[in-house]
Amino acid sequence: MTTRIIATGAYVPEQVITNDDIAKVVDTSDEWIAKRTGIKERRISSGENTSMLAVKTARQLLERAGVEAETLDLIIVASITADYATPATSCIVQKEIGATNAVAFDVSAACSGFMFALSIADKYIRAGMYNNAVVIGAETLSKYIDWSDRSTCVLFGDGAGGAYIEKSETDGIIKEEIGTKGEIYDILTAGYTASTGAFNNYNTDHLWYVNMNGREVFKFATKSVVKSVERVLSDAGVSVDSLKYVVPHQANTRIVEIISHKLGIPYEKFYINMDKYGNTSSASIPIALNELNEKGLLKRGDKILLTGFGGGMTWGTMLISW
Ligand code: ACO
């Protein structure tokens, strides 16, 4: 028995912010951003919080799968930009879609979040505890961006994407792994909240924003993803030639180029849409997967590889028979 993706969905805010728009607020240029990252524009929410993006994605998933909300067993939202510390964003989704019989919780693994959430949902389904699940990556990273820091503000965007999954006797998830390297957690942080109060007076406001050692993240990404993909393919006994598409975390085209080269997988097999959305963290892989699916490029039985890395530091890779 395995778990199969039955439907994909995504929602991005309407407001488009181009590289030229960003060049009006910090000292940068379309040329610098496009050359170093591959990003041309991104969506930035104007008023819609993370739960709203997640709810729109969840509704689309149920509609596309032809499933009634009451029959849903599990909702997992991966996010590092939840509306609240409590409740979990998934609980808001549960209420808004009317999934009264589901259990809902969130997962925090930054840009690898969707991979972690899908991995967890897969285990519940394989164990026979649940029959189906909605798994969503949703982020409004714009909340954590210091719009005066050109080294980070050009990279990120807001959005949500997800999958409706069910137990399957045939095609589905073949092999997967998730991993963490907490030793280097501090090379990428965001949203620090200090234990302050009436009797303390620390100022940690600057730690609210995305703080990143770009070069170290770059090194981590190119190493961890390559090793993870090699392990998953070798465990599955599947060669790189049999892959139809690789859907990578959409952080940076230069990272994808290096991964493609090291793994010997042609760059054309990597599905890229970061030019339009930037890095949407946990939403990036499901938004890209949904775009591939909407274009009708996925055929039943195709071997698809999802792979990402993120804050934590974390990574996750999944081989799927579509
Ligand atoms: N516009 C113009 N110049 C810039 C900009 C900008 N937006 N940002 C930085 N620079 C300048 C720097 O100030 C520096 O100038 P200097 O040489 O005069 O000091 C120069 O460009 C080079 O800066 P670096 O930081 O060394 O640039 P680098 O080539 O490393 O590229 C980048 C930076 C694109 C961030 C790269 O390191 C990278 O892609 N890292 C990975 C980041 C990533 O993927 N993060 C997402 C993590 S996933 C998650 O969980 C959120």
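Start at 1 and go down the list; that is how both ligands and their atoms are numbered.
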Please identify each residue that fulfils salt bridge (Lys or Arg N to Asp or Glu O under 4.0 Å) with Asp302, with sequence neighbours left out. Lys244
Partners passing salt bridge (Lys or Arg N to Asp or Glu O under 4.0 Å) against Lys56 (at least two apart in sequence or in another chain): Glu48
Charged N to carboxylate O below 4.0 Å: is that the case for Glu230 and Lys262? no
Sequence neighbours excluded, the answer for side chain to side chain contact (heavy atoms under 4.5 Å, CB included) partners of Lys24 is Asp21
Search all heavy atoms of Ala54 against all heavy atoms of Thr89 and return the closest pair with its distance. CB-CG2, 4.3 Å
With a 3.5 Å cut-off and no angle check, do the side chains of Thr81 and Glu139 form a donor-acceptor pair? yes
Counting only non-hydrogen atoms and a 4.0 Å cut-off, the residues near ligand 1 are Asp27, Thr28, Trp32, Arg36, Thr37, Ala110, Cys111, Arg150, Ser151, Val154, Phe156, Leu188, Met212, Gly214, Arg215, Val217, Phe218, His249, Ala251, Asn252, Arg254, Ile255, Asn279, Gly310, Gly311
